[in-house]
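This chain uses plain numbering: 1 for the first residue, then up along the sequence. For ligands, and for the atoms within them, numbers begin at 1 and follow the listed sequence.
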Amino acid sequence: MAPTVISGPSGSGKSTILTRLFKDHPDTFGFSVSHTTRSPRPGEQDGREYNFTNQEAFLKLVDEGGFIEHAKFGGNYYGTSVKAVKDVAEKGRICVLDIEMEGVKQVKKTDLNARFLFLSPPSLEILEQRLRGRGTDSEDAIQKRLTQAEKEMAFAKEEGAHEKIIVNNELEKAYKEVEEWIVDGGKYGGQD
Ligand SMILES: Nc1ncnc2c1ncn2[C@@H]1O[C@H](COP(=O)(O)OP(=O)(O)OP(=O)(O)O)[C@@H](O)[C@H]1O
């Protein structure tokens, strides 16, 4: 099954929609196992919670272009590898990647044969209202998210950036559109 990339500004509703999608379709999706350089915690198993690795091996894989996204948090590296996503596809599951613009560009450089969906807010004004309504971000964070949102919306307008754009105006309608495109479309789109 072809992996599906969903992107869209922070606050466009990706988590809201994906949480419901995974619940409604428990056997359709698979989750990629991330890499990390942090130590395993008791009960964690290599290849299950994470692919545990060391900094040297991690950075080597970065150099080889093996990651779709990676970042450093609290002194440790974390990343989603191309291989981890392929492993999900090989099991016949759809791997949904909820990533931002740079990640989207990165996926396009790989041979993942992914499908690209952009979830758009109806407008930047409504996005701002929703971010405030969510109540999870400081004023500073909201301003940064809005600045970034403008860039993502501009990128989404470029020819070929995404195969499908869904506007999250009325949640129920947007959910149905996403469900149809990802689940039904996913059976026929991309590699097998
Ligand atoms: N269609 C909608 N109408 C009104 N409110 C909505 C709609 N869709 C989502 N929301 C609300 O907007 C807020 C942002 O949604 P959500 O957290 O799912 O966004 P997100 O894209 O996952 O953001 P992030 O990338 O920061 O995780 C939430 O409070 C959510 O309840």
Side-chain angles (χ1 to χ4, degrees), residues 3-26 28-36 49-50 67-74 76-81 84-85 88 93-108 112 114-158 161-186:
T4 293
V5 172
I6 180 167
S7 64
S10 170
S12 61
K14 301 178 299 295
S15 314
T16 306
I17 287 180
L18 288 180
T19 303
R20 182 166 159 197
L21 191 67
F22 297 152
K23 201 163 147 266
D24 286 353
H25 300 273
T28 303
F29 298 100
F31 298 91
S32 60
V33 179
S34 299
H35 280 59
T36 183
E49 281 77 16
Y50 281 101
F67 284 106
I68 290 165
E69 277 194 318
H70 69 278
K72 200 173 185 182
F73 300 109
N76 291 304
Y77 288 96
Y78 295 82
T80 304
S81 73
V85 175
V88 175
R93 301 256 177 159
I94 300 174
C95 183
V96 176
L97 295 164
D98 173 353
I99 53 184
E100 47 81 70
M101 195 169 64
E102 292 311 315
V104 171
K105 293 179 184 171
Q106 194 62 29
V107 173
K108 288 184 185 249
L112 280 171
R115 306 173 74 227
F116 295 89
L117 169 66
F118 185 80
L119 188 66
S120 176
S123 67
L124 285 169
E125 290 70 29
I126 292 179
L127 181 68
E128 183 168 356
Q129 285 170 18
R130 288 186 188 164
L131 283 171
R132 290 192 195 289
R134 186 168 71 173
T136 55
D137 302 280
S138 65
E139 184 55 35
D140 189 41
I142 289 175
Q143 291 310 326
K144 283 195 182 125
R145 289 183 195 281
L146 289 172
T147 305
Q148 181 61 23
E150 277 185 64
K151 291 184 197 158
E152 300 230 1
M153 304 276 275
F155 172 63
K157 287 203 182 101
E158 283 177 26
H162 305 279
E163 285 161 58
K164 177 82 175 167
I165 296 178
I166 292 173
V167 178
N168 181 13
N169 191 1
E170 205 267 295
L171 183 59
E172 199 55 34
K173 185 167 170 281
Y175 175 73
K176 288 284 171 205
E177 283 180 54
V178 171
E179 182 183 43
E180 191 183 340
W181 194 80
I182 294 186
V183 180
D184 300 333

Lys176 and Glu180 ion-paired at < 4.0 Å: no
For atom 8 (N) of ligand 1, closest protein heavy-atom neighbour: Asn168 ND2, 2.9 Å
Under 3.5 Å: N/O of Glu170 near N/O of ligand 1: no
N/O separation below 3.5 Å, Gly133 to ligand 1: no
Ring geometry between His70 and Phe67 (parallel below 30°, tilted from 30 to 60°, perpendicular above 60°): tilted
More than 12 heavy atoms from other groups under 6.0 Å of NZ on Lys173: no
Heavy-atom nearest option to atom 6 (C) of ligand 1, drawn from Arg132, Arg145, Arg130: Arg130
Min heavy-atom dist Gly135 to ligand 1 below 4.0 Å: no
Which residue and heavy atom of the protein sit nearest atom 19 (O) of ligand 1, plus the separation: Gly13 N, 3.1 Å
Protein contact of atom 22 (O) of ligand 1 - nearest heavy atom, named by residue and atom, plus distance: Ser15 OG, 2.5 Å
Residue and atom name of the nearest protein heavy atom (relative to atom 17 (O) of ligand 1), distance in Å to one decimal: Arg134 NH1, 2.9 Å
Phe118 and His162 aromatic ring geometry - parallel, tilted or perpendicular at 30°/60° bounds: tilted
Atom 26 (O) of ligand 1: nearest protein contact (heavy atom, Å): Ser10 OG, 2.6 Å
Note, Pro121 side chain near Met153 side chain (heavy atom, < 4.5 Å): yes
Atom of Val167, atom of Pro122 and distance for their closest heavy-atom approach: CG1-CA, 3.8 Å
Heavy atom of the protein closest to atom 30 (C) of ligand 1 (residue, atom name, distance): Thr16 OG1, 3.7 Å
Pair Glu139-Gln143, side-chain hydrogen bond (donor to acceptor under 3.5 Å, both in side chains): steps then yes or no: CA-CA 6 Å; Glu139 184 55 35; Gln143 291 310 326; 2.8 Å; yes
Contact check, Gly11 vs ligand 1, heavy-atom distance below 4.0 Å: yes
Proximity flag Asn169 to ligand 1, non-hydrogen atoms under 4.0 Å: yes
Main-chain N/O of Trp181 paired with Arg115 side-chain donor or acceptor, under 3.5 Å: yes
Salt bridge (Lys or Arg N to Asp or Glu O under 4.0 Å) between Glu172 and Arg20, worked out: CA-CA 11 Å; Glu172 199 55 34; Arg20 182 166 159 197; 2.9 Å; yes
Within-shell test, Glu100 vs ligand 1, heavy atom, strictly < 4.0 Å: no
All side-chain hydrogen bond (donor to acceptor under 3.5 Å, both in side chains) counterparts of Glu69, not counting sequence neighbours: none
Residue portion contacting ligand 1 (non-hydrogen atoms closer than 4.0 Å) for Ala174: neither
Ring centre gap for Tyr77 and His35 strictly below 6.0 Å: no
Close-contact set for ligand 1 against Pro9 heavy atoms, below 4.0 Å: 21 (O)
Residue portion contacting ligand 1 (non-hydrogen atoms closer than 4.0 Å) for Leu119: neither
Closest approach of any protein heavy atom to atom 21 (O) of ligand 1, naming residue and atom: Lys14 NZ, 2.8 Å
